[in-house]
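First comes the structure, then the notes that go with it.
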Amino acid sequence: MARLEMYRDRLKHNYKQLQKLFTKNKINWAVTTKVLCGNKMFLQEVLDLQPKQICESRVSNLKAIKSLDPEIETIYIKPPSRNAIASVVKYADISLNTELSNIKLLAKEARKQKRVHKIIIMIEMGDLREGVMGNDVIQFYEKTFKLKGIKVIGIGTNLNCLFGVMPSHDKLVQLGLYRQIIELKFKRKLPIISGGSTVTIPLIYRKQLPQSVNHFRVGEALFFGADLFDKKTLPGFFPNVFQLFSEIIELYEKPIVPLGELDEDPRGETHEVNPEDYGKKSYRAILDIGTLDVNPEYLTPEDPDLEIVKASSDMLVVELKKGKQNYVLGSIVRFDIKYMGVLSLMNSRYIEKKVI
């Protein structure tokens, strides 16, 4: 059985790096754990780091977090659906919101549960995912401030999650200006500007982050050390808190070119043959994972002499470019994994999960 391993020491190291960076720049931050898909073993590893806040996009994951640590402050990081309102109020201390009618429902439910539910209102800054349009911000806040059971604690934005719009100094200055306008007009303080995520971290290193941005929601930098500007690893971070291990279940020398008439494969794709490959052979291994578990595009063999050929639903074929070497039937192949790959593997019940 293939397994996904989390390295505790690497996770702890990356957390300390982030804590040091944010403390130096007087920024509060929350750990985003949605990539863990509610796995309690891995969530406990994060909670053992003693973060101040945890962000999640699934109510069931928030429930799992609260069962492990009822005192941790939780943030629901997408606009809530109407049928989830009661659970959001129960398991999230804070939620990010963009729809006035849903905020009214949150306020009503908060009063019912005898709680005050805190919200951050998200502003559209160009990536066209969630966010109130700029022209509507003042009117939106005016109506929200009047609701009982709700406490508006900040303003926020989200970038690079849909169309890849990158954060910039100018965009985040504009976010700060929205807060100034709101505070001046309504004589109400908004202590939080949640304008940061992993993609925004390079602006800190470049001294381009406005001082008004004082809150980050970070997952990818913690688990992958990702610098999304330069497509590299942030300085001093581990890129591989997670690794995938898969067993060789077949190992033969086979022709490189498929034999027979070619048509569409089960995914509707057609394989193109390189005429220069006719007559050539290579050693190929079949591994015990497939597209049901993870898209091969998100995997990189740790051994540079291995190359991913193709995958079916339950098996992955790799080519041994320098021959069998030390590989035999039953050998374990190790992979580094991108964010979306870990997300898929965490969601697969066929993959063993383990903390190292």
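One-based numbering along the sequence shown. Hydrogens, waters and symmetry mates are skipped; everything else that's a heavy atom, side chains included, is used.
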Verify, without hydrogens or angle tests, whether His215 (side chain) and Pro191 (backbone) share a donor-acceptor contact under 3.5 angstrom. no
Would you say that more than 12 heavy atoms from the other residues, nucleotides or ligands in this model lie under 6.0 Å from the NZ of Lys321, or not? yes
I'd like to know if the side chain of Tyr350 pairs up with that of Asp314 as donor and acceptor (distance under 3.5 Å, no hydrogens or angles considered). no
Taking salt bridge (charged side-chain N to carboxylate O under 4.0 Å, His left out) as the test, write out the residues that go with Arg3, two or more places apart. Glu5
Closest heavy-atom contact between Ile150 and Val116? C-CG1, 4.4 Å
Val199 and Pro167, any side-chain heavy atoms less than 4.5 Å apart: yes
Tell me whether Met133 at atom CE has more than 12 heavy atoms from other residues, nucleotides or ligands lying less than 6.0 Å away. no
Can you get from Leu234 to Tyr339 by hopping between Ile, Leu, Val, Met, Phe, Trp and Tyr side chains that sit under 4.5 Å apart? yes
After noting the C-alpha distance and the side-chain angles of Ser87 and Lys63, does the key distance pass the side-chain contact (heavy atoms from CB on, under 4.5 Å) rule? CA-CA 9 Å; Ser87 296; Lys63 185 177 180 180; over 6 Å; no
Side chain Asn102, main chain Pro80, donor-acceptor under 3.5 Å: yes
Counting only heavy atoms not in Gln211, do more than 12 sit closer than 6.0 Å to its CD atom? no
Students often mix this up, so state it plainly: with edges at 30° and 60°, are the rings of Trp29 and Phe22 parallel, tilted or perpendicular? tilted
Separation between CG of Leu172 and OG1 of Thr200, rounded to the nearest 0.5 Å: 6.0 Å
To the nearest 0.5 Å, atom CG of Asp227 lies from atom NZ of Lys232 at 8.0 Å
Got Phe145 and Val152 here, is their nearest side-chain heavy-atom distance under 4.5 Å? yes
Rounded to the nearest 0.5 Å, what's the gap from CG on Leu175 to CD on Gln180? Could you check? 11.0 Å
Tell me if the CD atom of Gln44 is crowded by more than 12 foreign heavy atoms within 6.0 Å. yes
Set out, in order, the CA-CA distance, both residues' side-chain angles and the distance that settles side-chain contact (heavy atoms from CB on, under 4.5 Å) for Asp69 and Leu43, then state yes or no. CA-CA 10 Å; Asp69 184 355; Leu43 284 172; over 6 Å; no
Taking atom NZ of Lys353 as the centre, does the number of heavy atoms from other residues, nucleotides or ligands within less than 6.0 Å exceed 12? yes
Within 6.0 Å of CZ in Arg129, more than 12 heavy atoms from elsewhere: yes
Taking the side chain as every heavy atom from C-beta outward, state whether Lys112 and Glu109 have any atom pair closer than 4.5 Å. yes
So how far is it from Asn347 CG to Leu36 CG, rounded to the nearest 0.5 Å? 12.0 Å
Could you tell me whether Arg8 and Glu45 have a side-chain N and a carboxylate O separated by less than 4.0 Å? yes
Side chains of Lys171 and Thr157: do they bring a donor and an acceptor to under 3.5 Å? no
Is any side-chain heavy atom of Val294 less than 4.5 Å from a side-chain heavy atom of Leu316? no
Looking at Asn14 and Phe223, would you say the former's side chain and the latter's main chain have a donor-acceptor pair under 3.5 Å? no
Side-chain heavy atoms nearer than 4.5 Å, only ILVMFWY residues, links allowed to pass through others: does that put Tyr205 and Val213 together? yes
To the nearest 0.5 Å, how far apart are CD1 in Ile248 and CG in Leu287? 6.0 Å
Is there a chain of hydrophobic side chains (I, L, V, M, F, W, Y, each step under 4.5 Å between heavy atoms) that links Val355 to Ile332? no
Has Arg188 got its NZ or CZ under 6.0 Å from the middle of the six-membered ring of Phe186, at an angle within 45 degrees of the ring axis? no
With distance as the sole test, does Asp127 use its side chain to make a donor-acceptor pair with the main-chain N or O of Phe163 at under 3.5 Å? yes
Same apolar cluster: Leu190 and Ile94, side chain cutoff 4.5 Å: no
Counting only heavy atoms from other residues, nucleotides and ligands, does the tally under 6.0 Å from CD of Gln139 exceed 12? no
In this structure, which one of Lys118, Lys52, Arg115 forms a salt bridge (charged side-chain N to carboxylate O under 4.0 Å, His left out) with Asp93? Arg115
Should Leu96 and Val35 be regarded as members of a common hydrophobic cluster, given that ILVMFWY residues are connected when their side-chain heavy atoms come within less than 4.5 Å of each other, either directly or indirectly? no
For Lys78, look at atom NZ and say whether over 12 heavy atoms of other residues, nucleotides or ligands are found less than 6.0 Å away. yes
Inspect the contact between Asp230 and Arg206 and indicate whether a charged nitrogen and a carboxylate oxygen are less than 4.0 angstrom apart. yes
Here the gap from His169 atom NE2 to Gln208 atom CD, rounded to the nearest 0.5 Å, amounts to 8.0 Å
